Structures are given as structure tokens and as C-alpha cells.
Amino acid sequence: MKWILILVLVGHTVAYTIPNVRFEYPTARGFRASIPDTPGLQMFAFHARLNKPFEKFEEGDYAEDVLAPDENGLWLYDTNKPALPNGTIIYYWVYVQFADQGYWLTDKKHTVLRSKATVAPKTTTSTTTTTTTTTVPPCPHTLTTYNGGKTTCAGKLIFEDTFEQGSFAPKWQHELRIPLDTDSAEFVSYQNLPENSYIAAGRLVIVPTLVNMNPDYTDERIRTGELVLEGCTSPTNNPYECQRKAARSTILPPVVSAKLNTKNHFRFRYGRVEIRAKLPKGDWIFPQLFLQPYENYYGYADYASGQMWIAHILSNRMLVSRDGKQIDGHRLRGGVLITNTGPVRSDFLRSNVNDDHFGDQFHVYGLIWTPDQIMLTVDGFQYGTLRPNFRQHAQQQNLTQANLWNADAPLAPFDRDFYISLGVGVGGVKDFPDLSLTGPSKTPKPWNNTSPKAEYFFYQNRNTWYRTWTEPELTIDYVRVYAL
């Protein structure tokens with residue numbers, strides 16, 4: 001995997017050199033790796049594996065983004081998982097953010113050599129009376145709160161799902177709705193069907209399917225029938241999200257997919273999110289790894305309460321815009337939305353381009369959310385930082401929702417509780433640019449975003465794009481949220 005890194009240095013001299021990583025073995029299992037604190041340090045990302053060198057910047061078997069020093073002034077990675085006999089080689093690489101600049105240590109290795117002092121001494125009998133003192137573990141302050149204001153300790157894991165239990169409940173609920181123009185108006189209905197979302201081998205799988213794979217949905221029914229979603233979860237009780245009657249240019253959603261969220265189980269304000277996932281591959285598909293506003297405090301329409309993208313791609317294997325720009329699954333995007341309107345919609349999305357399609361293998365997608373900034377990472381690399389005054393920018397763009405945002409919070413509307421949302425969308429009228437070309441044959445996109453028959457033209461072209469759906473599933477290995 002090769003990363004395209006563009007550095008512009010103007011009158012800049014290197015202000016920081018990463019010190020040698022210190023390894024310790026406090027117990028018979030595991031190890032600690034640390035560097036000393038110094039003013040200006042913002043993140044210490046450690047990636048390691050045993051007895052196997054890294055080929056490139058891979059995640060590793062032991063990895064963490066450390067966001068604060070401990071009480072001893074160390075940026076510390078600590079694990080008790082591997083048994084480490086003498087002679088074990090720890091291969092590792094390190095990324096450090098210092099004063100908003102990134103620094104790397106690469107191709108490093110450390111050989112385990114335990115001293116006798118690390119081996120537990122032989123137990124002896126003694127009549128000496130000893131006094132045991134219990135020390136309460138420190139709980140560093142954090143700005144993170146969760147589930148309606150609960151507090152915790154800095155760096156603590158406050159949400160995790162590794163999908164080993166094989167059940168969606170109680171952490172996840174399914175959305176049951178037909179998306180409207182308030183989002184991307186994607187050409188799907190989100191339902192709770194076993195073929196569209198399931199847990200297998202400790203992983204969550206979300207996969208879109210054609211509605212006509214169900215024998216009850218003939219071509220005639222798609223063009224003239226009706227869809228009613230029992231138990232619809234429309235956040236505004238909008239009947240158009242709960243049922244559709246096909247007629248003339250309006251058809252039933254041609255694709256069924258799934259979208260799950262933690263709204264009823266877990267929400268939080270400020271923190272660090274990590275999702276290890278393999279993204280889908282196939283024409284006109286896109287994954288949805290989002291943070292959604294819990295209460296839509298500033299309003300529901302036009303993203304008035306915001307939306308955060310942890311990871312997003314246009315999953316086509318080859319896709320270029322009308323000006324020849326590569327916009328397919330080799331381009332990762334993350335960031336925030338503060339409007340659904342025109343080019344302003346993408347003002348706060350950041351990109352990272354990879355030689356390989358992001359659906360080729362698993363990656364760890366991260367979002368770090370503080371009161372002052374939002375940072376985006378992939379496999380420990382920070383590729384985007386947002387620290388603007390969203391309210392000021394929105395007012396300059398004449399977005400009326402900005403008048404409701406908290407003037408004392410530079411990151412408003414991202415100063416309220418958000419929850420995790422995972423799904424797969426298809427098509428829609430926002431994300432795929434008109435006149436874009438897909439595949440080696442440069443086939444034109446089959447619909448126009450402003451056409452009232454966009455969904456119909458997409459469906460009519462299904463024999464072309466469905467052949468590319470060889471790996472249409474989003475596969476999630478784990479989801480974790482840490483306090484700052």
C-alpha cells in the first residue's frame with residue numbers, strides 16, 4: 001500500500017525528533033512502549049507485530065493512537081496480550097504529531113530480553129506482619145461525556161462492539177425508512193432483513209441487494225406497486241419515509257439495504273472513534289460510517305444539526321469526474337456536513353488517495369472530536385484536520401441554520417451528543433457527480449441528479465452496474481469509542 005503524501009514546507013525547520021521508544025515488561029505477559037512527554041506533543045501512534053517485519057504502513061497486531069501522556073509524563077502504549085519469551089522480535093513503526101506536524105519512525109525492531117528482575121520471585125514463608133495500602137487508580141479529567149452527561153476518565157474505552165456475541169441487541173437498532181432529499185435520496189429502502197445485515201465470524205456485514213431478487217417484486221410491481229414499511233423509524237414521522245406508491249416516473253426503491261445505529265444505546269460528546277472495516281466495491285455503492293446528531297437540537301432539515309463522516313468512498317473500481325479527476329474507491333473522504341446544498345456540501349470534507357482501492361483490505365478509520373477541532377485518520381495516519389468556525393462560514397454562505405448555532409462554541413453544531421451510524425447506500429442525487437464515467441470502458445453515469453426520473457433511469461441500467469457488484473458488502477470488524 002503506497003500513500004500519496006504532499007508536504008509543502010515554507011521556511012520550516014524540523015522542530016522535533018522522535019526519541020527512541022522505550023520498551024518495558026512489567027509482567028510475564030505483554031509489554032509497554034513509550035516516549036517521554038514534551039510540550040507540543042499531540043498524538044503518539046504505535047503499531048507493532050511479532051516476528052514479522054512490516055512491508056509498508058500496515059496497522060499491525062498491536063496498535064493504538066495515544067492522545068495524552070500518563071501521570072508519569074509518558075506517552076504510553078500498554079498491552080498484556082502477547083506472551084513474550086526472550087528472543088521475540090517486536091517489529092514496529094511510530095507516527096507522532098507535534099505542533100500540528102507529522103513525524104515518523106519506520107522499519108524499527110526491538111528484541112525482547114527480559115532480566116531476572118522481571119521474573120516473579122519464589123514465594124517464601126515469613127512471620128513479618130505487613131500492611132497493604134490500596135491506591136486508587138488515577139482518573140485524569142476528560143471533556144468527554146456520554147449517554148446524557150455521564151462522566152468518565154481520560155483515555156477510557158466507553159463503547160466497544162467486536163460482534164463476538166452474534167446479536168445486534170442491545171447496542172444496535174435498524175433504521176426502517178425510505179431516504180428523502182434531506183439526505184442523498186439514495187435509491188434504497190433501509191430494512192431489517194437477514195440477507196441485508198447479519199453477524200458472521202465475529203463481524204458485522206451489511207450488503208445491498210436488488211429488490212427484484214424477491215419473487216414478490218416483479219418489474220411490474222416495482223413500476224406500479226406500493227411499499228409500506230411496518231415499524232418505520234422516520235425521525236420526523238414523515239409518511240414519505242414510511243411508504244411509497246409507484247406511478248409514472250416514480251418507482252419503488254430498486255435496492256434494499258440496511259443501516260444500523262446506536263441511538264437508543266450509546267451517544268457521546270467529544271471522543272475518539274475507531275472502526276476497523278473493509279469497505280464495499282461495486283458501481284454506485286457507498287459506505288456510511290457516520291456520527292449522527294442525537295436530538296437534532298439545531299433542526300433536522302438541511303443538516304442543520306450536522307453530520308460527521310468517519311469514512312466514505314464512492315465504491316466504483318474506476319470512476320472519473322467530467323474534468324478527469326479520480327473519484328472512485330481509491331479516494332477516501334471524511335469530515336463534516338453542515339448543509340445539503342450545492343458545492344458547500346463538501347466544503348468540510350477531506351480526502352486521502354491510495355494506490356489500492358479501500359475495499360481491497362481492512363483499514364482502521366478514525367475520527368478524533370474535540371471542542372476545538374475534528375481530526376481524521378486512517379491506519380494511524382492523520383490526513384485531515386478541521387478547526388474552523390463553522391458558524392462564521394455558514395453565515396458567509398447564507399445558511400439560515402447558522403443563526404441557531406451556539407455562538408460561544410467554534411465547532412457548533414458539533415457541540416451536542418452524537419451517535420454511531422453504519423450502513424450502505426446506493427445511487428442518490430448528491431454524491432455521484434453528473435457526467436462522471438465508470439469502469440475501463442468509461443461508461444456514463446446512467447442518471448442525472450436533477451431528473452425526476454433519476455431512480456428509474458438507474459434501475460433501467462441495472463444489467464450494466466449489477467455485474468460489478470462482486471463485493472458489495474461493508475464488513476465491520478470492530479467499533480470503539482475512547483474518551484479524550
Side-chain angles (χ1 to χ4, degrees), residues 1 30 43 45-50 57-67 77-82 95 144 146-147 152 155-174 196-207 258-268 270-281 287-292 308-313 332 334 358-369 375-382 418-424 471 473-484:
M1 178 176 60
M43 182 172 70
F46 180 82
H47 297 255
R49 63 186 180 194
L50 307 182
F57 290 109
E58 299 155 281
E59 178 194 1
D61 300 316
Y62 308 97
E64 183 179 354
D65 295 344
V66 182
L67 300 179
Y77 171 79
D78 190 359
T79 178
N80 62 2
K81 290 183 179 179
Y95 168 74
T144 299
Y146 67 102
N147 288 355
T152 184
K156 185 176 180 180
L157 181 66
I158 56 175
F159 177 87
E160 180 180 41
D161 200 344
T162 59
F163 305 103
E164 300 294 338
Q165 302 301 318
S167 173
F168 297 119
K171 296 179 181 179
W172 303 94
Q173 67 168 8
H174 282 78
N196 298 115
S197 59
Y198 55 90
I199 295 173
R203 288 171 173 168
L204 167 65
V205 180
I206 301 175
V207 58
K259 197 172 183 181
L260 298 86
N261 65 62
T262 64
K263 184 175 182 179
N264 291 341
H265 177 79
F266 173 76
R267 62 188 191 270
F268 71 108
Y270 310 129
R272 175 168 62 93
V273 185
E274 283 187 357
I275 301 178
R276 186 172 188 266
K278 186 173 182 288
L279 304 186
K281 296 169 70 174
Q288 301 162 309
L289 282 69
F290 296 161
L291 296 180
Q292 304 267 116
M308 290 184 255
W309 287 13
I310 303 165
H312 185 279
I313 63 171
L332 172 68
F358 279 96
D360 285 345
Q361 58 185 311
F362 281 88
H363 296 278
V364 178
Y365 301 99
L367 183 146
I368 304 166
W369 172 30
M375 293 170 280
L376 305 158
T377 65
V378 56
D379 296 331
F381 284 90
Q382 184 176 323
F418 279 66
Y419 60 87
I420 305 164
S421 178
L422 305 175
V424 175
E471 300 176 72
E473 63 276 356
L474 167 66
T475 306
I476 307 288
D477 186 32
Y478 62 73
V479 180
R480 294 171 180 153
V481 182
Y482 297 87
L484 295 175

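For the numbers below, each heavy atom of this structure counts, side chains included, while hydrogens, waters and symmetry mates do not. Note that this is a predicted model, so its numbers are computed, not measured.
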Shortest non-hydrogen contact from N196 toward A258: O-CB, 3.7 Å
Can H47 and Y62 be said to form a ring-ring contact (aromatic ring centres under 6.0 Å, His included), step by step? CA-CA 6 Å; H47 297 255; Y62 308 97; over 10 Å; no
All heavy atoms of F362 vs all of K278, minimum pair found to be CD2-N, 3.4 Å
Are the side chain of D477 and the backbone of R203 linked by a donor-acceptor contact shorter than 3.5 Å? no
Identify the two heavy atoms, one from D65 and one from A45, that lie closest to each other, and give their separation to 0.1 Å. OD1-CB, 3.3 Å
So, do F266 and F268 have ring centers that fall under 6.0 Å from each other? yes
Between OH on residue Y419 and CZ on residue F290, distance to nearest 0.5 Å: 11.5 Å
Ring centers of F46, Y77 separated by less than 6.0 Å: yes
Compare all side-chain heavy atoms of F168 with those of H174 and state whether any distance is below 4.5 angstrom. yes
Which atom of L474 lies closest to which atom of A277, heavy atoms considered: CD1-CB, 4.3 Å
Check the pair V364, V378 against side-chain contact (heavy atoms from CB on, under 4.5 Å), reporting the backbone distance first and the verdict last. CA-CA 6 Å; V364 178; V378 56; over 6 Å; no
Check whether any side-chain heavy atom of H363 lies under 4.5 Å from a side-chain heavy atom of R276, and answer yes or no. no
Assess the residue pair H312 and Q288 against the criterion (side-chain contact (heavy atoms from CB on, under 4.5 Å)); give the C-alpha distance rounded to whole Å, side-chain angles, the decisive distance to 0.1 Å, and a yes or no. CA-CA 6 Å; H312 185 279; Q288 301 162 309; 5.5 Å; no
Nearest 0.5 Å, what's the CD1-OG1 distance between I206 and T475? 9.0 Å
Which heavy atom of K281 sits nearest a heavy atom of G359, and at what distance? CD-O, 3.5 Å
Counting only heavy atoms not in Q165 (residues, nucleotides, ligands), do more than 12 fall under 6.0 Å from its CD? no
Heavy atoms, side chains only, cut-off 4.5 Å: are F163 and V479 in contact? yes
Apply the test side-chain contact (heavy atoms from CB on, under 4.5 Å) to residues Y365 and D379: give CA-CA distance (whole Å), side-chain angles for both, the deciding distance (0.1 Å), then the verdict. CA-CA 7 Å; Y365 301 99; D379 296 331; over 6 Å; no
Consider side chain to side chain contact (heavy atoms under 4.5 Å, CB included). Of H265, R480, K171, which one does D161 pass it with? K171
Hey, mind stepping through R49 and D61 against salt bridge (charged side-chain N to carboxylate O under 4.0 Å, His left out) and telling me if it holds? CA-CA 5 Å; R49 63 186 180 194; D61 300 316; 5.6 Å; no
Heavy atoms of I275 and L422 approach each other most closely as CD1-CD2, 3.9 Å
How many angstroms lie between CD in E64 and OH in Y482, if you round to the nearest 0.5 Å? 5.5 Å
Supply the atom-to-atom distance L260 CG to L204 CG, rounded to the nearest 0.5 angstrom. 6.0 Å
Rounded distance (nearest 0.5 Å) linking atom CG of N147 with atom OG1 of T152: 11.0 Å
Report the C-alpha separation of W172 and N264 in whole Å, then their side-chain angles, then the decisive distance to 0.1 Å, and conclude whether the side chain to side chain donor-acceptor pair (under 3.5 Å) test is met. CA-CA 8 Å; W172 303 94; N264 291 341; over 6 Å; no
Do I313 and P287 touch side chain to side chain, with heavy atoms closer than 4.5 Å? yes
Keeping the roles fixed (side chain from T262, backbone from I420), state whether a donor-acceptor pair exists under 3.5 Å. yes
Using side-chain heavy atoms (C-beta onward) and a distance below 4.5 Å, is I310 in contact with L291? yes
Any M308 side-chain heavy atom under 4.5 Å of W369 side chain: yes
For a side-chain contact (heavy atoms from CB on, under 4.5 Å) check, start with the C-alpha distance between L367 and L289, then their side-chain angles and the critical distance, and finish with the verdict. CA-CA 10 Å; L367 183 146; L289 282 69; over 6 Å; no
For N261 and Q292, does a side-chain donor sit closer than 3.5 Å to a side-chain acceptor? no
Any carboxylate oxygen within less than 4.0 angstrom of a Lys/Arg side-chain nitrogen, looking at R272 and E274? yes
Which distance, rounded to the nearest 0.5 Å, do you find between the OH of Y270 and the OG1 of T144? 9.5 Å
